[in-house]
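Have a look at the structure below, then the notes.
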Amino acid sequence: MKKGILFIGLLITVAVQAQKEKAEAYINTYKELAIEEMMRTGVPASIKLAQGILESQSGESNLAKGSNNHFGIKCKTEWTGIKTYQDDDERGECFRVYTSAEESFKDHSDFLKNRPNYAFLFKLDPTDYEGWATGLKKAGYATSPSYPQRLLKVINDYNLQQYSLQAMARLQNTPPVQTTTPLTETTTIEPIIAPTQQGTIKTGWNFYYVEQAKSTNDADTIKEETATTTTAATSTPSIDKPKKNNPYPSGIFTINQTKVMYAAEGTSLLSIANQFDIALSKLIEFNELAEMDVLDMDRLLFIEIKAKKGSVDFHVVAEGESIHDISQREGIRLENLLEYNRIAKNATLKAGDKIQLRAISASGAPSPRLPE
């Protein structure tokens, strides 16, 4: 009997590992496409990859293999392309057929962007994958009541949020896109991302485009207008910009559901504290910094207290990383990180070490994340 139980347990372990490897292979194959689509339309890369993994079974479903349909999108009345029929909620339902996975990824973005029931999603912060996960269910994308939880698990298990952050960082270094078509009196300059509920353009997503450009001089004028509009529309603090090769977007974004910014060496901490109406001592406390007036290096700065637990189970140490670096990059309070790993604040870490981001339960598995 015991041998039978052990054998079943082994089979389950092998199956889980195989599923994980397929998901990781899927992510490596399509992460760049997801990033490009987020830059093009605003659909978060984390959400797109998680939906692709779930809907296509990491690219292994019959619909993905036979029809390049990675998101289970049904024909609807507007579809004029090739069709296939498969059983889903009902027998013989019509699904879209694509010539490539890339076409499927692009159509998925356009499907969400152009249908009114999904419009509210594009008013969310681009890093708010929890809002997107619950919003997709609310808008009718899936019938399963557990769809949001399944999406969130995939995002957290495979740290898919990093690809959304990469897309946002790339957008900061992308110049306005222009065409050579003549200007007309009705030409407008519009933000790609809609205003937030507070009425301001999302910080870290201020990417504008020009519909038409008449000449070099007109293009230069439009660039100046765009820059002025961007400055007026955002509430980004007037601080020194970090080095161009930093991996984070400008302005305020979130790590582990906590508001944070990336500030340059030499930036006044007092000016940041004043701009966000928090005490300087609190700003230093939130970030567990030594007393200083200006930043000693480019740093992540949290403007609210960090979470006690991570969004994933562990962090793999990179070359030269300290425990404080990990605390900032994962958005976890340093005291909790030290407690989970039973190490000292000045402990030397080796590249490749695994740092636990959650408490270990009695069963030996990380405790599930609970609301703070």
Side-chain angles (χ1 to χ4, degrees), residues 8 10-38 40-41 43-115 117-118 121 129 132-160 163-164:
I8 292 171
L10 179 61
L11 289 178
I12 293 173
T13 301
V14 170
V16 169
Q17 182 61 31
Q19 185 179 19
K20 180 180 178 183
E21 290 174 357
K22 288 177 182 178
E24 289 172 345
Y26 186 90
I27 293 164
N28 287 331
T29 301
Y30 297 113
K31 61 186 180 184
E32 280 300 318
L33 188 51
I35 290 170
E36 290 170 6
E37 281 302 290
M38 179 170 176
R40 184 176 74 90
T41 65
V43 177
S46 60
I47 286 291
K48 184 174 287 288
L49 286 169
Q51 284 194 281
I53 289 170
L54 284 182
E55 300 288 349
S56 75
Q57 298 169 29
S58 298
E60 296 293 314
S61 71
N62 292 334
L63 200 57
K65 285 183 173 181
S67 306
N68 286 311
N69 189 331
H70 285 243
F71 300 92
I73 297 182
K74 297 177 182 178
C75 294
K76 305 295 182 182
T77 55
E78 72 271 17
W79 181 249
T80 58
I82 303 172
K83 304 172 183 177
T84 187
Y85 297 87
Q86 295 189 23
D87 294 344
D88 190 50
D89 295 327
E90 299 178 7
R91 290 178 60 85
E93 291 196 85
C94 182
F95 288 88
R96 302 182 181 190
V97 175
Y98 304 100
T99 58
S100 65
E102 181 179 2
E103 185 181 337
S104 175
F105 270 64
K106 288 182 177 179
D107 188 54
H108 171 257
S109 302
D110 295 338
F111 182 86
L112 297 177
K113 188 74 174 177
N114 297 326
R115 298 182 78 84
N117 51 315
Y118 298 110
L121 292 172
Y129 59 86
W132 268 81
T134 56
L136 284 167
K137 174 65 176 68
K138 179 180 178 181
Y141 191 94
T143 56
S144 169
S146 63
Y147 191 71
Q149 291 73 29
R150 292 165 64 201
L151 278 179
L152 293 175
K153 186 177 188 308
V154 172
I155 291 171
N156 290 326
D157 283 352
Y158 298 101
N159 192 21
L160 300 184
Y163 303 113
S164 292

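Positions are given from 1 along the sequence.
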Is the shortest side-chain heavy-atom distance between Ile27 and Tyr163 below 4.5 Å?
yes

Give, for atom CG of Leu54 and atom NZ of Lys153, the distance between the pair rounded to the nearest 0.5 Å.
10.0 Å

Sidechain-backbone polar pair: Ser164 side chain, Ser46 backbone, donor-acceptor under 3.5 Å
yes

Would you please classify the geometry between the His70 ring and the Tyr26 ring as parallel, tilted or perpendicular, with 30° and 60° separating the classes?
tilted

Look only at the side chain of Lys113 and the backbone of Thr41, and say whether a donor-acceptor pair between them is shorter than 3.5 Å.
yes

Contacts of Glu24 meeting salt bridge (charged side-chain N to carboxylate O under 4.0 Å, His left out) (sequence neighbours excluded), chain-then-number -> none

Single hit among Val154, Leu136, Leu160 for side-chain contact (heavy atoms from CB on, under 4.5 Å) with Ile47
Leu136

Between the main-chain N or O of Asn114 and the side-chain N or O of Asp110, is there a donor-acceptor pair closer than 3.5 Å?
no

Donor-acceptor pair, distance only, cut-off 3.5 Å: does the side chain of Ser61 make one with the backbone of Ala64?
yes

Short N-O contact, Lys106 and Glu103, less than 4.0 angstrom:
no

Between Lys48 and Phe71, is NZ or CZ placed under 6.0 angstrom from the six-membered ring centre and within 45° of the ring axis?
yes

Calculate, to the nearest 0.5 Å, the distance between atoms CG and OG belonging to Leu33 and Ser104 respectively.
9.0 Å

With a 4.0 Å cut-off on N to O distance, would you call Glu90 and Lys74 a salt bridge?
no

Rounded distance (nearest 0.5 Å) linking atom OG1 of Thr134 with atom CG of Leu152
7.5 Å

Could you tell me the separation between the NZ atom of Lys137 and the OG atom of Ser144, rounded to the nearest 0.5 Å?
7.5 Å

Would you say that Leu63 contacts Thr84 through its side chain, given a criterion of any heavy-atom pair below 4.5 Å between the two side chains?
yes

Let me see the working for Tyr141 and Leu121 under side chain to side chain contact (heavy atoms under 4.5 Å, CB included), right down to the final yes or no.
CA-CA 12 Å; Tyr141 191 94; Leu121 292 172; over 6 Å; no

Between OG1 on residue Thr29 and CG on residue Leu49, distance to nearest 0.5 Å:
10.5 Å

Only residue of Tyr30, Phe111, Tyr98 satisfying ring pair (Phe, Tyr, Trp, His ring centres under 6.0 Å) with Phe105 is Tyr30

On a heavy-atom basis, which atom in Val43 and which in His108 lie closest, and how many Å separate them?
CG1-CE1, 4.4 Å

